[in-house]
Protein chains: 2
Amino acid sequence: MVTRSGRTRQARPARKERKEPPHLTPELIHATALAMVDADGIDGLSMRKLAAALDVNPMSLYHHVPNKAALLQGISRLAVADLRIASADDDTPWPEQLRQIGHSFRTLAHQHSKLIVYLLAHPGFIQREGPLWGALCHTLRRAGLPDAEVGRIGNVLLTFVSGFVLAEINGSLGDLLDAADAAEIDRDFEAGLDILIAGLGSVQRIRAE
Amino acid sequence: MVTRSGRTRQARPARKERKEPPHLTPELIHATALAMVDADGIDGLSMRKLAAALDVNPMSLYHHVPNKAALLQGISRLAVADLRIASADDDTPWPEQLRQIGHSFRTLAHQHSKLIVYLLAHPGFIQREGPLWGALCHTLRRAGLPDAEVGRIGNVLLTFVSGFVLAEINGSLGDLLDAADAAEIDRDFEAGLDILIAGLGSVQRIRAE
DNA sequence: ACCTGAACACCGTTCAAGT
DNA sequence: ACCTGAACACCGTTCAAGT
């Protein structure tokens, strides 16, 4: 919830009366906008409502953010920064590491569910240079996959996880299965990863022959 | 392209002058709106632009369609009606049949790419009673899967295909892989289906023990 | 340098008035 | 029964004017 009542209201007589300057910065704007999206969804965010939440004239925002598209891009950067890939220790077996990457993504999706739906539907979310794709490719190479197959297989894993969290968040997953509780859906996610990893093993064997 | 110049302009003196009634019906409205979305995307559709394309006052639409949400629902119904599941002949092996279902979905996604992105991001697209989910469950049961697993596994296949077409349409797939041509992406899709089906086979074996 | 009001071109939707 | 203009409450964004 973004509330305008959270402002400091101290007794000492500030130099500028009770209308202290909000110290408007891109960081503050992005953070507030992300909070609004997390709370009310993409449609709940507008330049004018954002300005109201910051207690500022709508037009002031345009001195720190070029336009709404750039604002959304800034929000995305902020959210993706919350992604934590557990990997980096090469002694855990690669199937377990793939599972961890999948869980990292899904956790991020739960943290910013409203935004992730928007991000998955628009280009430029997963980047070739990002930590997620890097970790994925690294793990697959460690699993013995030839370089030519790494991208292809990595994409299969990524698209499955994307599709899953999307269906999970928009509710169609709970609709198709009769899964009412979250634990059931967790198990479905695990089952999907199992199938992919099992399939990956068999394809790996085939290509190696 | 929806153009307003496509109206008949005959020489005979119509009773109502050159402003003939557009015979506004829900069907015509939905079809025109779908064409607009296919051409310009979801954001390219507005009640006012739709009315302009139909050469009608914006407010007239509200006598045939309750609101924009209902309009989008009607468009979706229209698009989903284009889905053609090839199956129904039980002599083809189940892996091939699964592949065909996946291709049916992907073909639909290509036909209405702009709309499908919207549909996947919003609830209610894949229905339990729909032909796609029905065919999927039927095939999986035929593959010898216990009833308890059918939903779970069907969901894995569906979410993979959803995630794939989404990444394909919004361009992030072509970005991550260096795949420039469509044929390469076709092969990636095939590879994904192969992995899932292979994994499905092994899980099937495990559960059977 | 930063803020702001007015204005422009759009939205979806309601409602009373027309035929 | 169907259509329509005016109006309302919203948008994103530009721009000239203020400090």
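Labels below follow one simple rule: chain letters A, B, ... track the order of the sequence lines, proteins then strands, and each chain is numbered from 1.
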Hey, can you pull the donor-acceptor pairs under 3.5 Å for the side chains in residues 174-184 of chain A, sequence neighbours left out?
{"from": "E184(A)", "atom 1": "OE1", "to": "R187(A)", "atom 2": "NH1", "distance (Å)": "3.2"}
{"from": "E184(A)", "atom 1": "OE2", "to": "R152(B)", "atom 2": "NH2", "distance (Å)": "3.4"}

Using a cutoff of under 3.5 Å, can you pull out all pairs of nitrogen or oxygen atoms linking the protein to nucleotides 17-19 of chain D, with atom names and distances?
none

Separation of [N] [atom2] from [X] [atom1] (nearest whole Å):
X	N	atom1	atom2	answer
I29(A)	dC2(C)	CD1	C1'	12 Å
L54(A)	dC3(C)	CG	P	11 Å
D55(B)	dC3(D)	CG	P	13 Å

Side chain T159(A), main chain N155(A), donor-acceptor under 3.5 Å: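 Yes.
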Sequence neighbours excluded, every pair satisfying ring-ring contact (aromatic ring centres under 6.0 Å, His included) that has a member inside residues 28-72 of chain B: none
Where at least one partner belongs to residues 157-187 of chain A, residue pairs that pass ring-ring contact (aromatic ring centres under 6.0 Å, His included), sequence neighbours excluded: F160(A)-F164(A), F164(A)-F189(A)
Which pairs, protein N/O on one side and nucleotides 7-14 of chain C N/O on the other, fall under 3.5 Å?
{"from": "dC11(C)", "atom 1": "OP1", "to": "S46(B)", "atom 2": "OG", "distance (Å)": "3.3"}
{"from": "dG12(C)", "atom 1": "OP1", "to": "M47(B)", "atom 2": "N", "distance (Å)": "3.1"}
{"from": "dG12(C)", "atom 1": "OP1", "to": "K68(B)", "atom 2": "NZ", "distance (Å)": "3.1"}
{"from": "dG12(C)", "atom 1": "OP2", "to": "M47(B)", "atom 2": "N", "distance (Å)": "3.0"}
{"from": "dG12(C)", "atom 1": "N7", "to": "R48(B)", "atom 2": "NH1", "distance (Å)": "2.3"}
{"from": "dG12(C)", "atom 1": "O6", "to": "R48(B)", "atom 2": "NH1", "distance (Å)": "3.0"}
{"from": "dT13(C)", "atom 1": "OP2", "to": "Y62(B)", "atom 2": "OH", "distance (Å)": "3.0"}
{"from": "dT13(C)", "atom 1": "OP2", "to": "K68(B)", "atom 2": "N", "distance (Å)": "2.9"}

Run the salt bridge (charged side-chain N to carboxylate O under 4.0 Å, His left out) test against [X] and tell me which residues pass, sequence neighbours left out.
X	value
D186(B)	R106(B)
R77(A)	none
R128(A)	none

Pairs meeting criterion side chain to side chain donor-acceptor pair (under 3.5 Å) with involvement of residues 107-117 of chain A, two or more places apart: D38(A)-H112(A), D82(A)-H112(A), H110(A)-E168(A)
Selection residues 158-167 of chain B - residue pairs positive for salt bridge (charged side-chain N to carboxylate O under 4.0 Å, His left out), sequence neighbours left out: none
base_contact_polar (dC3(C) base, H63(A) side chain, donor-acceptor, <3.5 Å):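 Check passes, donor-acceptor contact within cut-off.
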4.5 Å side-chain heavy-atom contact, L72(B) and I75(B):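 When only atoms from C-beta onward are counted, I75(B) and L72(B) do touch, with a gap below 4.5 Å.
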Side-chain donor-acceptor contacts of residues 116-123 of chain A below 3.5 Å, not counting sequence neighbours, with atom names and distances?
{"from": "H122(A)", "atom 1": "ND1", "to": "Y118(A)", "atom 2": "O", "distance (Å)": "2.8"}

Which nucleotides of DNA chain D pair, in dot-bracket form (Watson-Crick or G-U under 3.5 Å, | meaning another strand): ||.|||||...|||||.||
Distance below 4.0 Å between H64(A) side-chain N/O and dC3(C) OP1 or OP2: yes
